Amino acid sequence: MNWSDIFTLHNLTSLIDILAVWFLIYNLLLIVRDTKAVQLLRGIVLILAVKIISAYTGLSTLSWIMDQVINWGVIGLIVIFQPEIRRGLEHLGRGSIFVKGRKENEAAQKMITALDRAIQYMSKRRIGALITLQMNTGLEEYIETGIALDADVSGELLINIFIPNTPLHDGAVIIKNNRVAAAAAYLPLSQSNLIPKELGTRHRAAVGISELTDAMTVVISEETGEVSITQNNELLRGMTRDDYLKYFKDQLFTDEDEQTHKILINTVSGFIDKHFKGGR
């Protein structure tokens, strides 16, 4: 294999082209995330699939109809998603795409501060609490079992929810995308024999959700005020303030530079494996 044939200007240009397209698509997805645009992506994919199938199978009438839908749909999408398009251009003009990791860390820090305030208050007064934070695995089926809130995360709100003898006291609070998605939600109880017998239903629910998802759950014991955290089928008991604050930052903070380096390395490695190693 001649290495001079690999590291050519053409191949370097192709690599830069791939990375540029990846960057644009990735940031476009970030812009439309959590908007109504995401809900219509399946419909768009379905229309394109029907168009391709009809064109290859000779269904001329269906193909013509899909052509009209696509042609007029472009105008319709511009009208429907005018707020999202404007928001995307504003983000681009402010350069917010390049500081998204920093903004995510700021939002995470705000949530950690609210959690800390609630944990300190409830732990000292031995108020039982169960707070689950969605990570990568979706928790929609558990959110649906509770009372929908969609509220900003604040220490005061979390404290009020878990005050004894209130309607939302029983069950779990689920936090999704830095917002309180639901309260009084039901979590699956673990049947593990490894859970100490002195621990109650809250701890079993916290371990149960950690067995099925990658969610992080904070438990406050109403008997002792002890703070525990479960994640990935692991129960961490007796967490001090320094312990859980460090754990929150490790799990919730984004190292933008490190993630960018990993993505670039994986992209370049994949490009080399696909185009060069296979040609040996």
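What you see is a predicted model; the values in this text were computed from it and never measured.
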Legend entry - Sub-4.5 Å side-chain heavy-atom contact between Asp116 and Gln120: yes
Legend entry - Any donor-acceptor N/O pair, Gln134 side chain to Leu139 backbone, under 3.5 Å: yes
Inset, instruction - Flag yes if more than 12 heavy atoms outside Ile147 fall under 6.0 Å of its CD1 atom; otherwise flag no. - result: no
Legend entry - Closest approach of Ile159 to Ala118 (non-hydrogen atoms, all atoms of both residues): CG1-CA, 3.9 Å
Legend entry - Co-membership, hydrophobic cluster, residues Leu133 and Leu236, 4.5 Å side-chain: yes
Inset, instruction - To the nearest 0.5 Å, tell me how far Leu189 CG sits from Gln191 CD. - result: 6.5 Å
Legend entry - Rounded distance (nearest 0.5 Å) linking atom OG of Ser54 with atom CE of Met66: 7.0 Å
Legend entry - Arg237 and Glu198 ion-paired at < 4.0 Å: yes
Inset, instruction - Would you give the length of the straight line joining atom CD1 of Ile127 to atom CZ of Phe162, rounded to the nearest 0.5 angstrom? - result: 10.5 Å
Inset, instruction - May I ask whether Val153 and Val173 are part of the same hydrophobic cluster, defined by side-chain heavy atoms of I, L, V, M, F, W, Y residues being less than 4.5 angstrom apart, directly or through others? - result: yes
Inset, instruction - Give me the one residue out of Ile229, Ile174, Thr230, Leu235 that meets side chain to side chain contact (heavy atoms under 4.5 Å, CB included) with Thr217. - result: Thr230
Legend entry - Rounded distance (nearest 0.5 Å) linking atom OH of Tyr186 with atom CG of Leu130: 12.0 Å
Legend entry - Cluster link Ile131 to Leu199, ILVMFWY, side chain under 4.5 Å: no
Legend entry - Among Met135, Glu104, Gln109, side chain to side chain contact (heavy atoms under 4.5 Å, CB included) partner for Leu252: Met135
Inset, instruction - Output the distance between atom CD1 (Ile195) and atom NE2 (His203), rounded to the nearest 0.5 Å. - result: 9.5 Å
Inset, instruction - Following the transitive rule for hydrophobic clusters with a side-chain heavy-atom cut-off under 4.5 Å over Ile, Leu, Val, Met, Phe, Trp and Tyr, establish whether Val219 and Leu168 coincide in one cluster. - result: no
Legend entry - N-O pairing of Lys246 and Asp242 below 4.0 Å: no
